[in-house]
Protein chains: 2
Amino acid sequence: MAQIRTFDRRRLIFQQDDPCPGLFIVGEGLVKVYNLAAGGKEHVLHLVEPGGTFAEVAAIGGFDCPASAEAMEPTICALLPLEPFKRVLAEDHGLCLGLLTGMAKWVRHFVGLMEDIVLRDALGRVAHYLLDTSGGRSDQIALPAMKKDLASHLNLTSETLSRTLRRLTESDLIDLLDGRHIRIKDAEGLRSVADGMFPES
Amino acid sequence: MAQIRTFDRRRLIFQQDDPCPGLFIVGEGLVKVYNLAAGGKEHVLHLVEPGGTFAEVAAIGGFDCPASAEAMEPTICALLPLEPFKRVLAEDHGLCLGLLTGMAKWVRHFVGLMEDIVLRDALGRVAHYLLDTSGGRSDQIALPAMKKDLASHLNLTSETLSRTLRRLTESDLIDLLDGRHIRIKDAEGLRSVADGMFPES
DNA sequence: CGAATACTTGAAATTATTCAAGGGCCGTGG
DNA sequence: CCACGGCCCTTGAATAATTTCAAGTATTCG
């Protein structure tokens with residue numbers, strides 16, 4: 001009962017305040033979910049990779065899209081239109097429970113992002129992001145497609161992100177392997193930076 | 001199957017990272033849900049009034065409290081412990097659906113707050129808050145108990161909030177009735193301020 | 001009534017942004 | 001295959017917004 005939809009690179013999938021078309025599931029590609037300010041500033045809420053979903057919240061809550069979505073690469077999605085989705089939801093208790101816990105996790109992640117933005121400075125945000133993304137296990141981190149999207153996600157300009165990464169390398173906390181990969185050199189130290197104490201200087 | 005819990009003013013109900021005790025429903029009083037930064041800075045996520053709930057997200061998702069909660073006034077809550085709550089949830093499909101749409105609305109509200117903080121400056125945030133709170137209908141607005149909590153909610157210092165309200169009154173967009181109430185004089189003008197255009201100077 | 005806390009206001013300080021310019025990578029087209 | 005143009009990233013200096021610090025007034029609670 002789902003439709004397959006394909007999108008070229010840079011193609012707008014929906015815009016803030018559009019009526020919600022249903023639930024999207026990414027099969028291939030990359031989708032940027034974001035908001036725009038009056039002046040043109042963009043905030044990247046979420047980068048959705050294959051297997052991820054978006055527009056679920058509006059689909060479930062029955063309101064218009066609270067954000068915009070754009071394909072960053074050639075992308076294939078499954079779109080589950082609103083009506084059949086609601087019908088299934090009304091009948092399938094297991095699905096309902098699954099969505100509920102999924103949504104709860106999403107909220108927690110989102111609260112975390114909010115607290116990052118509100119309670120940490122640039123250095124702390126980047127440090128915390130790196131620790132969070134590495135998951136504590138691997139010390140190798142792959143950055144999102146473009147650094148400017150990461151900057152926007154953390155509510156920084158790309159200039160500030162660049163300067164911040166430089167400061168972290170100069171403090172010997174991380175290594176910039178290539179433009180897209182980072183290695184954590186001193187997780188302990190990073191943690192203390194994330195918690196607001198900058199080491200020397 | 002719920003317990004009744006009472007809290008004095010200033011009493012901590014739970015703290016960030018505590019195991020979630022269950023779902024709270026406020027019967028009387030006022031509860032502040034907030035997060036603390038390393039340095040002591042506080043961010044007020046939510047002020048819960050009678051009829052409202054808190055800790056639902058952690059209860060549903062099965063993780064530790066992502067924030068702290070404190071009674072701002074003598075408060076009476078119903079606490080639905082975790083286990084019976086989960087049991088009910090597993091059986092009652094209607095409840096599950098209700099929570100799901102409730103959660104979706106909560107997420108939307110929260111995304112809105114996030115975008116306020118990220119995409120608007122101090123003037124825009126306050127203007128948007130006033131418009132949002134008035135609901136477009138009544139032009140009378142009752143501020144939360146303390147202005148500093150509103151400031152924290154909008155990620156401002158109380159000094160900045162004070163100055164911002166002053167600027168709005170001096171531009172004849174609002175009237176400060178008493179310390180706790182505001183009247184919107186020029187909703188049109190406020191809207192354009194919220195959208196980033198400051199009128200004169 | 002007195003102490004504590006909240007609120008306002010001004011001046012100084014700080015952080016991040018904006019503006020500007022150069023370097024590097026990549027895809028297109030000659 | 002190389003040159004060109006575009007976009008991303010980096011870096012520096014100037015700018016601007018908000019915070020911090022400080023002091024005084026107002027309000028609230030006991």
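Computed over heavy atoms, backbone and side chain alike; hydrogens, waters and symmetry mates excluded.
A salt bridge does not link R125(B) with D116(B): none of the charged nitrogens is closer than 4.0 Å to a carboxylate oxygen. Under the 4.0 Å criterion applied to side-chain N and carboxylate O atoms, D195(A) and R120(A) are assigned as salt-bridge partners.
The residue N155(A) sits close only to the backbone: its heavy atoms come under 4.0 Å of sugar-phosphate atoms, none of a base.
Not a single donor-acceptor pair under 3.5 Å links the side chain of K105(B) to the backbone N or O of F63(A). Without hydrogens or angle criteria, S152(A) side chain to K148(A) main chain gives no donor-acceptor distance under 3.5 Å. Looking at D175(B), its side chain never comes within 3.5 Å of a backbone N or O of L177(B) through a donor-acceptor pair. Remark: side-chain polar atoms of D92(A) are paired, donor with acceptor, to backbone N or O of L95(A) under 3.5 angstrom.
Side-chain N/O atoms of K147(B) include one lying less than 4.0 angstrom from OP1 or OP2 on dT8(C). Contact annotation: R180(A) side-chain N/O to dC9(D) OP1/OP2 distance is under 4.0 Å. Applying the 4.0 Å criterion to OP1 and OP2 of dC7(C), one finds that S162(B) has every side-chain N and O outside that range. Residue T157(B) places at least one side-chain N or O closer than 4.0 Å to OP1 or OP2 of dT19(D).
Checked by atom type, the side-chain pair Q16(B)/N35(B) shows a donor-acceptor distance below 3.5 Å.
Rounded to whole Å, the distance from CG on L154(B) to P on dA17(D) is 19 Å. Straight-line distance from the CG atom of L156(B) to the P atom of dT8(C): 13 Å, rounded to whole Å. Atom-to-atom, CG of L176(B) to C1' of dT8(C) comes out at 12 Å; the value is rounded to the nearest Å. At whole-Å resolution of the value, CG in D178(B) and C1' in dA26(D) are 13 Å apart. Protein atom CE of M146(A) is 17 Å distant from nucleotide atom C1' of dT10(D), rounded to whole Å. The distance between atom CZ of R10(A) and atom P of dG27(C), rounded to the nearest whole Å, is 14 Å. Rounded to a whole Å, the CG atom of L150(A) is 13 Å from the C1' atom of dC9(D). Put simply, CD1 on I117(B) is 13 Å from P on dT18(D), counting in whole angstrom units.
A heavy-atom distance below 4.0 Å to DNA chain D is reached by these residues of residues 119-126 of chain B, ordered by number: D121(B), A122(B). For the segment residues 28-46 of chain A, the set of residues with a heavy atom within less than 4.0 Å of an atom of DNA chain D is empty.
The CZ atom of F110(B) sits 12.5 Å away from atom CE of M103(B), with the distance rounded to the nearest 0.5 Å. To the nearest 0.5 angstrom, C65(B) atom SG is 5.5 Å from D18(B) atom CG.
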Step by step, work out the salt bridge (Lys or Arg N to Asp or Glu O under 4.0 Å) result for R163(A) and E159(A). CA-CA 6 Å; R163(A) 284 188 259 264; E159(A) 290 97 325; 5.7 Å; no
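With hydrogens and angles ignored, no donor-acceptor pair closer than 3.5 Å exists between the side chain of E159(A) and the base of dC8(D).
Residue R163(B) is the one, among R163(B) and R9(B), whose nearest nucleotide of DNA chain D lies closer to the 5' end (criterion: closest heavy atom).
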